[in-house]
Amino acid sequence: MSQSFSIGGLLRRPEAGAFLGLVAVLIFFGIFGGVAFLKPAGMSSWLNVAANLGIIAIPVGLLMIAGELDISVGAMVPFGAMTTAIIAGHWDQSIWLAIVVTLSFALVIGLVNGLLVIRTAVPSLIVTLGTLFAVQGIVLGMTVLIAKSTSVALKTEGPAKAIFGDFIPVVFKGQLQSIVVWWLLAAAAYVFFVHFSRRGNWIFAMGGDKVSARNAGIPTERMTMLLFVLSATSAAFVGMCQAIQFNSAQVAGGQSFIFNSIISVVIGGVLLTGGFGSVVGIFFGTITFAVVNQGIYYTDFDRNWSALIIGVLLLIAVLLNNTFRKMALTHAPKKK
Amino acid sequence: MSTPILELRKVDKSFGPIDVLHEISLKVHAGEVLCLLGDNGAGKSTLIKTLAGVHKPTRGEILLDGQPMAFDRPKDAQARGIATVHQFGGTFPLMSIGRSFFAGVEPTKGWGPFKVYDRKKANAIAVKAVQDFGITRIDDGDRLVGGLSGGERQSLAIARAVHFGARVLILDEPTAALGVKQAAHVLRIVNQAKRRGLAVIFITHQVMHAMAVGDHFAVLIRGAIAADFRKGEKTREQIADLMAGGESMADLEANIEGYMDSHDGHPPPPAR
């Protein structure tokens, strides 16, 4: 590409704020926590957190770029974990069957989310708030009905364990979860989808102006459905991997993914009202969040302070991103 | 005279019991600007939507190149070359000029599932299309649309419609939110489109803007055509009077001036 390199050009990109944020927190924890969190043990601790969150944050971010929100991911994580655990653990069926059923159910819930948003024109925040509680209810009710407990154990062996929920041998002293590989693959695929394929352009157009996008011949409804399906299945996938990794599933938990994914996305430079953002930005935003989340353990600070740091970081990131976006808007090449 | 590109014959449109358009008959030829003037609520929007295929006329017919046409969806009208450009419509502020220009019809290069968006090609075509309309200030397709001036953005939207094969250009209040200089910009683009042989339907309530580009004028009052005349047949004051619904603006002005003369130059108190 013939884009010339310049500092200004980099700052005008949507991921600029996220990248600077990441550098800032790395320096911060480098000073207060020493370099321990940059050694294999430390790195795998925050890479694992980032991977679990990142797989969900990217589709949530794409929805935000397209002008929608999905908070039902908070229920989809325990849903994915519990469905897998009940089928493969409680009923002792094949893990592969459990995986197929889990992801198919998630796909259906994603379709329901998408359909409700398209057909009712109710804001997606409200629609997915509804499905968040509905799915939570289903998970709790069904689990107690079937397993008579709120926690279900499962034991996975063989290739499924290695692929979805084991520690990767050799590298990083064997402390990295296999989900990290999924995260990196997914991120690469999303970069291609969003920034290189033509469909990516549609997502930005939808978030910029939905009516104009439809008039321009973009199948906005099909794209909305696709994005909701992506976020629902991604969240269920993470839950499934966690169940396989830790050999058990709980009905609760997962709510933290709602805010954490939105925080990562916003730190990553995505505009809350849609139309602007990048996958690389969300990727950096997720790592930034994970570093703060885990880095606190390597400092002498009480870990209760980490929420304060995240809050301040979020506000700074939003202000920075606003500034960079303004720079991008007002930028005009020099007159020749 | 040649066949008009687009013709309306006694078109009525009603929503339930409410008649919005009443016996509208209009013609627009290639290389001609038809100005539709009307106050708020005169039925301009409904007329545009009927032309653009959003609404179907209740009675009457729409002829395209002399052939009766029925548009079921806006897409049908678009496919036949009728493009509606709403204010800033079809441009996305936070997208680059190239990406915004080609939204929905992105050029790609590459093979199979790995087709990628061809940024260079998109930028080159978009910049050329806009520059052909005389907007030479736009020379970088990577700039964000939101950084352009209102006039430039409107020009981009018009250039886009023309590039994608519009023969009839419906411009919905393109100058309403613009300053004097920016509006002049857009009016130049309208003239440019006319010179290229497009039929332009220019909707406005600013008489000055209409007079600057119009060949043919129609004044819409309460859903009916109150006057239909050609360039030079009426003065600005007469048109303004017509738009105000027959209530003479000149009389009103004279009244106010008379009041001010007899009240030490104070204007009359606002009506309550």
Side-chain angles (χ1 to χ4, degrees), chain A residues 1-4 6 9 12-14 65-67 189 191-220 222-223 269-278 321-322 324-336, chain B residues 52-54 73-75 77-79 83-110 112-120 122-124 127 136-149 152-153 157 160-161 164:
Chain A
M1 296 215 179
S2 65
Q3 247 169 342
S4 57
S6 75
R12 285 189 298 271
R13 302 189 59 81
I65 293 175
V191 166
F192 176 80
F193 173 63
V194 175
H195 299 293
F196 291 96
S197 86
R198 49 188 297 234
R199 280 182 180 73
N201 210 31
W202 301 355
I203 299 176
F204 288 94
M206 284 161 67
D209 180 348
K210 200 147 278 175
V211 176
S212 290
R214 194 178 302 131
N215 286 344
I218 294 170
T220 54
R222 227 183 318 149
M223 288 300 286
V270 176
L271 184 61
L272 195 64
T273 47
F276 196 70
S278 77
N321 287 334
N322 276 348
F324 293 145
R325 196 168 52 250
K326 249 179 229 138
M327 279 170 65
L329 272 177
T330 51
H331 171 69
K334 294 268 179 301
K335 278 265 145 302
K336 276 150 213 158
Chain B
V54 178
R73 284 168 300 155
K75 245 190 166 155
Q78 265 170 35
T84 312
V85 179
H86 297 285
Q87 212 164 28
F88 301 151
T91 62
F92 305 94
L94 289 166
M95 286 169 79
S96 75
I97 290 170
R99 279 182 175 268
S100 179
F101 194 88
F102 280 100
V105 282
E106 297 81 1
T108 53
K109 57 182 178 187
F114 300 105
K115 279 205 185 86
V116 296
Y117 166 72
D118 192 342
R119 175 178 141 267
K120 260 189 197 165
N123 285 358
V127 167
T136 47
R137 278 191 53 210
I138 296 178
D139 54 5
D140 179 2
D142 279 328
R143 269 179 74 186
L144 297 187
V145 171
L148 305 178
S149 72
E152 285 169 341
R153 239 181 114 176
R160 183 177 191 274
F164 290 108

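Everything quoted here is computed from the prediction, not taken from an experiment. Here is the naming used below: chain letters follow the sequence lines, and residue numbers restart at 1 for every chain.
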Are side-chain heavy atoms of [X] and [Y] found at a separation under 4.5 Å?
X        : Y        : result
B:Glu106 : A:Trp202 : yes
A:Val211 : B:His86  : no
A:Asn201 : B:Met95  : yes

Looking only at non-hydrogen atoms, find the nearest pair between B:Ala103 and A:Ala216 and report the distance.
-> O-CB, 3.5 Å
If every non-hydrogen atom of B:Gly104 is compared with every non-hydrogen atom of A:Ile218, which pair is closest and at what distance?
->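 In this case the closest contact between B:Gly104 and A:Ile218 is CA-CG1, 3.5 Å.
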Calculate, to the nearest 0.5 Å, the distance between atoms CZ and NE2 belonging to B:Arg119 and A:His195 respectively.
-> 13.5 Å
For the atom pair CZ (A:Phe196) and CZ (B:Phe114), what is the distance rounded to the nearest 0.5 Å?
->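 So the CZ of A:Phe196 and the CZ of B:Phe114 are separated by 13.5 Å.
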Within a radius of less than 6.0 Å around NZ of A:Lys210, do more than 12 heavy atoms belonging to other residues, nucleotides or ligands occur?
-> yes
Judged by atom type as modelled, is there a donor-acceptor pair below 3.5 Å linking the side chain of A:Asp209 to the main-chain atoms of B:Phe92?
->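 No.
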Look only at the side chain of A:Arg198 and the backbone of B:Thr108, and say whether a donor-acceptor pair between them is shorter than 3.5 Å.
->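 Not at all, since once roles are kept as given, no pair shorter than 3.5 Å links the two residues.
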Does the pair A:Leu329 and B:Leu94 meet the rule for a side chain to side chain contact (heavy atoms under 4.5 Å, CB included), with working shown?
-> CA-CA 7 Å; A:Leu329 272 177; B:Leu94 289 166; 4.1 Å; yes
Of the listed residues (B:Gln78, B:Arg99, B:Lys115), which shares the most heavy-atom pairs with chain A below a 4.5 Å separation?
->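 Of the candidates given, the most pairs with chain A belong to B:Arg99.
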